[in-house]
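As structure tokens, the structure follows; a few thoughts come after it.
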Number of protein chains: 2
Amino acid sequence: MPPSTSRSIPKPTGLECRMAVLGTDVRLTPHRREVFEVLQGTNDHPTATDIFDRVKTRSPGISLATVYNCLDHLTSAGLIKQVHLERGQSRYCANLHEHVHFHCETCGKVIDAHPAAEFDPAKFWNLPKGTKITRMDIAIHGTCEACSSK
Amino acid sequence: MPPSTSRSIPKPTGLECRMAVLGTDVRLTPHRREVFEVLQGTNDHPTATDIFDRVKTRSPGISLATVYNCLDHLTSAGLIKQVHLERGQSRYCANLHEHVHFHCETCGKVIDAHPAAEFDPAKFWNLPKGTKITRMDIAIHGTCEACSSK
DNA sequence: TTTTAGAATTAGAATGATTCTAAAATATTG
DNA sequence: CAATATTTTAGAATCATTCTAATTCTAAAA
């Protein structure tokens, strides 16, 4: 599911284009665009090295450092999100719709689950007075259909 | 806040003792007990190396590998929890009461927030049919009181 | 008790993930 | 077009975690 809320600011001169949803404005260089497109074209929550391998098929010269660099810029621009489910590699996700992550502890698959009802965290937990919420990461761990029916 | 729900099974012979809440039963060896006690005595969500440094003041000979080993055993026994908030080191937490983590993006502090109302994730998100939930990790990111009043 | 098998612990090496560095390439601004 | 800033790169460095193999410890069996 591609984001529908992104605001794009094309620049008339050159090949450049800038995009940001929230966060910092980001220059969409060719590499950044490719990393972003690879991520938009999948829903399997790839790691940095997964993305590196996939982008290499289009831009064989790209380096892993550049992939990390692009992922960090896209993240601070709010175009993608980092996902932290387990010890080890971070995963990335270009689904900007409100959703949570279901993580199968047996096969490792990560599935996006979208809202069924309005959800306000402040109703359910006593957050300290004066805290400002910017975002929320919800990970639900368990066993997926396929794994539990084995 | 120390857990109140833990079930302890002291063994009459020897110095041994076993404990488990859910998960696998774990032998509470001296090192495991120390790692557990260090974690129970704090609410600052230390990393493995933080814990290593603190346990070293009581058991100078302990190795980092043993700390990781203890943390893994205590985690699979359900006595502690791993917390994944950011890229980088995992954090650990001995608070077994139902709670979520508030993470200040400015100072890095992690604060436990306890329930104000009953919360059922299945009411709020469309999880795929047939998935079985075993646990849930909720991280709320933002700015803490101290940081936002600067 | 001794024996024994299994589990825990260790130091250090190995691996894996990420970040850093400095130079080269590319883009933007004046 | 020249000057300046940003991006990209390869490779090194660092950090986090896991592995390995030898050793020590524990608990159960004899």
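Quick caveat, the model's predicted, so the values are computed rather than measured. The figures that follow rest on heavy atoms only: side chains count, while hydrogens, waters and symmetry mates do not. A, B, ... follow the sequence lines: proteins, then strands. Residue 1 opens every chain.
Positionally, the nearest nucleotide of DNA chain C for B:N69 lies more toward the 5' end than for the other of B:N69 and A:T47.
If you check C:dT10, D:dT9, D:dT8 against the side chain of A:C70, the one that comes closest is D:dT8. Among D:dT17, C:dT10, C:dT9, the nucleotide with an atom closest to any side-chain atom of B:A48 is D:dT17.
Between the NZ atom of A:K56 and the C1' atom of D:dT9 there is a distance of 14 Å, given to the nearest Å. Residue B:L74 contributes atom CG, which lies 15 Å from atom C1' of C:dA7 at whole-angstrom precision. Following rounding to the nearest Å, A:H73 (NE2) and D:dA5 (C1') show an atom-to-atom distance of 13 Å. Between the P atom of C:dA8 and the CG atom of B:L28 lies a distance of 11 Å, rounded to the nearest Å. D:dT14 atom P lies 16 Å from atom CD of B:Q89, rounded to whole Å. The CD1-C1' distance, from B:I62 to C:dA11, rounds to 14 Å in whole Å. Nucleotide D:dC15 holds its P atom 16 Å from the CD atom of B:E86, rounded to whole Å. When the P atom of D:dT7 is taken as reference, atom CD of A:E34 falls 16 Å away, rounded to whole Å.
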Show every donor-acceptor pair shorter than 3.5 Å between a side-chain atom in residues 142-150 of chain A and any protein atom, with sequence neighbours excluded, or say none if there are none.
residue	atom	partner	partner atom	Å
A:S148	OG	A:C144	O	2.8
A:S148	OG	A:E145	O	3.3
A:S148	OG	B:G130	O	3.3
A:S149	OG	A:E145	O	3.2
A:S149	OG	A:A146	O	3.3

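Here A:S90 does not reach the OP1 or OP2 of C:dA17: none of its side-chain N or O atoms lies under 4.0 Å away. Here B:T29 does not reach the OP1 or OP2 of D:dT26: none of its side-chain N or O atoms lies under 4.0 Å away. Residue A:T66 places at least one side-chain N or O closer than 4.0 Å to OP1 or OP2 of D:dT9. Within the structure, every side-chain polar atom (N or O) of A:H31 is placed at least 4.0 Å from both OP1 and OP2 of C:dT26.
A:H141 and B:D137 share a side-chain donor-acceptor pair at under 3.5 Å. For A:S90 and A:Q82, the side-chain atoms include no donor-acceptor pair closer than 3.5 Å. In the model, B:H45 has no side-chain atom that pairs as donor or acceptor with a side-chain atom of B:D50 under 3.5 Å.
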Legend entry - Nucleotide-resolved protein contact map, nucleotides 18-23 of chain D, B/S/- at heavy-atom distance under 4.0 Å: BB----

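The salt bridge (Lys or Arg N to Asp or Glu O under 4.0 Å) pairs that include a residue from residues 89-104 of chain B number zero, where partners must be two or more places apart or lie in different chains. Annotation: side chain to side chain donor-acceptor pair (under 3.5 Å) contacts involving residues 123-132 of chain B, sequence neighbours excluded, are absent.
Under a hydrophobic-cluster definition in which Ile, Leu, Val, Met, Phe, Trp and Tyr are linked whenever side-chain heavy atoms come within less than 4.5 Å, directly or via other members, B:V110 and B:I140 are assigned to different clusters. With hydrophobic clusters built from ILVMFWY side chains whose heavy atoms lie under 4.5 angstrom apart, A:L85 does not share a cluster with B:V83. Under the 4.5 Å side-chain heavy-atom criterion for ILVMFWY residues, no single connected hydrophobic cluster contains both A:F119 and A:L96.
For the salt bridge (charged side-chain N to carboxylate O under 4.0 Å, His left out) test, residues two or more places apart in sequence or in another chain that qualify with B:R87 are A:D72.
From one end of the helix from C:dT1-D:dA30 to C:dG30-D:dC1 to the other, with five pairs defining each end axis, the axis direction shifts by 30° (rounded to 10°).
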